[in-house]
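Structure record follows, encoded as structure tokens.
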Amino acid sequence: MDPLEKFEHQVRDAVKIAFERLGTDVPFDIEVPSTGIADFAVPCFPLAKVLRKAPPIIAEDAAAKLPPMDLVSRSWAERGYLNFQVDDRQLSMATLGAIFDMKSNYGRGKVSGTRVLLEHTSVNPTGPIHVGRARNPIIGDTLARCMRAYGYDVTTEYYVNDVGKQVVLLTWGLENIPADKLSPVDRDKADHRLVVYYQRANRMMEDDPEVARQVGHMLRRFEDGDKEVMAKVRRTAKLMLEGIIESLASINVVIDQFTWESGFIEDGSARTVVERLTRSEHCGQDQGACYLELKPFGIHGKETRFFFTRADGTTLYTTRDMAYHLDKFSRADRTINILGEDQKLGQAQLAIALRLLGQERVPECVFYSFVSLPEGRMSTRKGTVVYLDDLIEEAEERALEEVRKRRTDLPGDRMLEIARAIGRGAVRYNIVRVQPEKPLVFKWEDALNFEGNSAPFVQYAHARACSIQRKAGAARGEIDPSVLTNEYELKLIRVLARYPSVVRESGEKQRIQALPAYGHEVAAAFNQFYTYVPVLKGEESREARLALVDATRIVLANVLTTLGLSAPEEM
RNA sequence: GCACACGUGGCCUAGCCUGGAUAUGGCGGCAGCCUCCUAAGCUGCAAGCCGAGGGUUCGAAUCCCUCCGUGUGCGCCA
């Protein structure tokens, strides 16, 4: 339930009537002025041509022809715009009414029943997640939450890459490298314990042709479908995955399902894709390897051929990915992939190939730019990586310092709990607040920012609201919103009223960065209210103000939850 | 070379899809605010040819074209 809806409808109806009285029925826009000059505005410029009059005159004329509106307190013409200010009392009642009716559901859209399969993360199980890759689960999980809030039936999925040289190499390393030849493990966690084998195996393969031969042999057995090798590799991937899942859990990312790449080899569906593609008129062969010529489909570059088998007939990653997408289409109405920008060409090729298979559906993709370090690109080999686990640990430690400074009264475990909420939240918030397609340079000072536009800023406002409520004691009876008349109260109410439209923006249009921005706006409006308007000593306004605090608390909690952040009751 | 993205005060960023009033916030800087609900807060000040140039339009940060800069891709890798 959107409290602003009925106001906008009334404005629209009234403007339609006014324009008709001026002799036109051209469609018009209603906008929300960014300057805050009015609640709604209708630009009259497009009518100038039709009515052969200057826009300011049209606005004046139309303003004079507006029918009476009970939800609007003021309407006026200004610089070619028709402006409207909604009635404060009506708005307060509608907004607080909607929030108290819906509580934790305030802002949610209608349940649509549309099944969405959202694939995200899907990092190769060869090492711990580093902050470059961490953009993926954070964007994916936040988008999933936003879409659920808007009413979609969302399932998240991780596509586990347990096929190919990387995991085979890691598996070889686990079997053949004695523990005493390894560099020390920096963290007692499955992925960190295993990655040293991967790094070591990589070096050994480069230096020693015999190792390369052994790994090559293992890979061939794997691709021939050797059950023993496949099971071994899968076990390795599973082990690594445990560590990755643990890291994800620490930033509140939970994945609903895991699909294993090797499954598409086992069940023959990758093979079926090959057979069907081979029948395409665009299919060609180069020394036994099959490809599609994609030049006619707008693919540019040095290589326009899209290979889907090797010379020995075995399938490639993209072939299996096609089988995976056909499987996804059978399970959901919409499929969304969160991918790094390096996947763009691959996805374009995939989309064309799927169409050649007769598929009308194509996956929707959200691409994000890479996170780099000030000194350049992250690379596991060069050791220029920051692991997500290290970032989280650092964030929590920094947060704990801050909590200790402020709250000497709390027991240690409570401090730790709050520090966790803050540290982890700060990490997520700082990733989602910028558009995915913008490049991101990782800087500790930004990632650990606890003030201004940050998660702790929003969480702090929530904690303040809770604190007032704790001190207020028993709940009130009926409240009269018409006593909420000062500028801080009204500003806050106007912000709270917009939440449903922000959920629509982030969930339907997939612009998740709108949500943290809105959270900041609510918190800022509340902090101003908090500074200048006494609540507990609010005398005859006390009950109404307590209701406003409660409404704000509900909205802040809803925003935080949808962002995957916790809403601490004290900080 | 070709393709795709990004370029907004010293730094980071919203707005771009769907053109409209004075371009959104934050960090940093400067100056203030705690006998009163948690100062992770609040107030004020300084700081912008919205990468450059052209076009479309009554009107362009927003749409189109060219150029410059940065990133990414163009494997019988995954």
Side-chain angles (χ1 to χ4, degrees), chain A residues 29 31 33-35 37-38 41 43-46 48-49 54-55 78-81 83 122 124 126 161 163-167 261 286-291 298-305 307-314 316-318 320-321 340-346 348-349 367 369-370 372 377 399 402-403 405-407 422 430 433-435 437-441 443 445-446 449-461 463-472 509 511 513-514 516-517 520-521 523-524 526-528 530-538 545 549 570-571:
Chain A
D29 290 328
E31 42 187 68
S34 55
T35 49
I37 214 165
C44 297
F45 305 92
K49 227 167 216 162
E78 191 179 332
R79 306 172 71 172
Y81 288 85
N83 289 333
S122 304
N124 281 352
T126 49
N161 202 302
V163 179
K165 199 169 184 176
Q166 310 300 316
V167 262
E261 185 178 345
D286 184 352
Q287 298 173 19
C290 299
Y291 64 87
I299 296 294
H300 305 261
K302 294 173 195 159
E303 175 64 271
T304 57
R305 294 177 303 174
F307 282 88
F308 61 92
T309 73
R310 294 194 183 87
D312 64 6
T314 54
L316 294 165
Y317 172 80
T318 23
R320 286 165 240 135
D321 204 19
E341 60 177 335
D342 56 334
Q343 305 287 320
K344 272 188 187 175
L345 177 62
Q349 293 169 328
F367 295 104
S369 292
F370 281 126
S372 59
R377 207 176 159 160
E402 297 295 318
V403 176
K405 257 192 256 171
R406 292 155 225 266
R407 300 297 301 270
I422 294 165
N430 279 301
R433 58 176 257 269
V434 325
Q435 289 178 33
E437 56 270 22
K438 291 243 192 192
L440 209 61
V441 178
K443 295 190 188 111
E445 57 193 292
D446 293 341
N449 173 32
F450 290 168
E451 46 191 30
N453 192 2
S454 71
F457 182 92
V458 183
Q459 291 171 318
Y460 184 59
R464 277 180 147 182
C466 291
S467 170
I468 291 178
Q469 290 187 308
R470 266 196 307 275
K471 295 199 162 121
K509 296 182 175 177
R511 300 188 33 212
Q513 70 273 15
H520 181 262
E521 228 182 306
F526 180 69
N527 281 333
Q528 288 174 6
Y530 183 95
T531 303
Y532 296 107
V533 184
V535 176
L536 299 177
K537 292 179 181 167
R545 286 177 184 165
V549 169
E570 59 179 342
M571 277 172 69

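Order of the sequence lines sets the chain letters (A, B, ...), proteins ahead of strands, with each chain counted from 1.
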Holding to salt bridge (Lys or Arg N to Asp or Glu O under 4.0 Å), I want the full list of residues that pass it with A:Glu437, two or more places apart in sequence or in another chain. none

Under-3.5 Å N/O pairs linking protein and nucleotides 43-48 of chain B:
unit_1, atom_1, unit_2, atom_2, d
B:U43, OP1, A:Gln528, NE2, 2.7

Has the side chain of A:Asn527 got a donor or acceptor atom sitting under 3.5 Å from an opposite partner on the base of B:A40? no

For A:Arg511 and B:A14, is the shortest distance between a side-chain N/O and OP1 or OP2 below 4.0 Å? no

Under 3.5 Å, which N/O atoms of the protein pair with N/O atoms of nucleotides 31-33 of chain B?
none

Under the side chain to side chain contact (heavy atoms under 4.5 Å, CB included) test, residues paired with A:Phe308 that sit two or more places apart: A:Val274, A:Leu277, A:Thr278, A:Cys283, A:Cys290, A:Leu292, A:Thr319

side-chain hydrogen bond (donor to acceptor under 3.5 Å, both in side chains) filter on A:Gln349, not counting sequence neighbours, yields none

For A:Gln343, side-chain hydrogen bond (donor to acceptor under 3.5 Å, both in side chains) partners two or more places apart: none

Respond yes when some side-chain nitrogen or oxygen of A:Arg407 is under 4.0 Å from OP1 or OP2 of B:A39, and no when none is. no

Produce the list of close N/O pairs, under 3.5 Å, pairing protein atoms with atoms of nucleotides 60-64 of chain B; give distances to one decimal.
none

side-chain hydrogen bond (donor to acceptor under 3.5 Å, both in side chains) partners for A:Asp312, two or more places apart: A:Thr314

With sequence neighbours excluded, tell me which residues meet side-chain hydrogen bond (donor to acceptor under 3.5 Å, both in side chains) with A:Asn527. A:Arg464

Could I get the full list of salt bridge (Lys or Arg N to Asp or Glu O under 4.0 Å) partners for A:Glu402, not counting sequence neighbours? A:Lys405, A:Arg406

Once pairs are restricted to Watson-Crick or G-U wobble with both distances under 3.5 Å, how does RNA chain B read as a dot-bracket string, [ ] for crossings and | for other-strand pairs? (((((((..(((.......[....))).(((((.......))))).....(((((..]....))))))))))))....

Would you say A:Arg377 places a side-chain N or O within less than 4.0 Å of OP1 or OP2 belonging to B:U72? yes

If only atom types and distance count, is the side chain of A:Asn453 paired as donor or acceptor with the main-chain N or O of A:His520 below 3.5 Å? no

Restricting both atoms to N or O, compile the protein contacts to nucleotides 5-8 of chain B shorter than 3.5 Å, with distance only.
unit_1, atom_1, unit_2, atom_2, d
B:A5, O4', A:Lys344, NZ, 3.2
B:G7, OP1, A:Lys438, NZ, 2.8

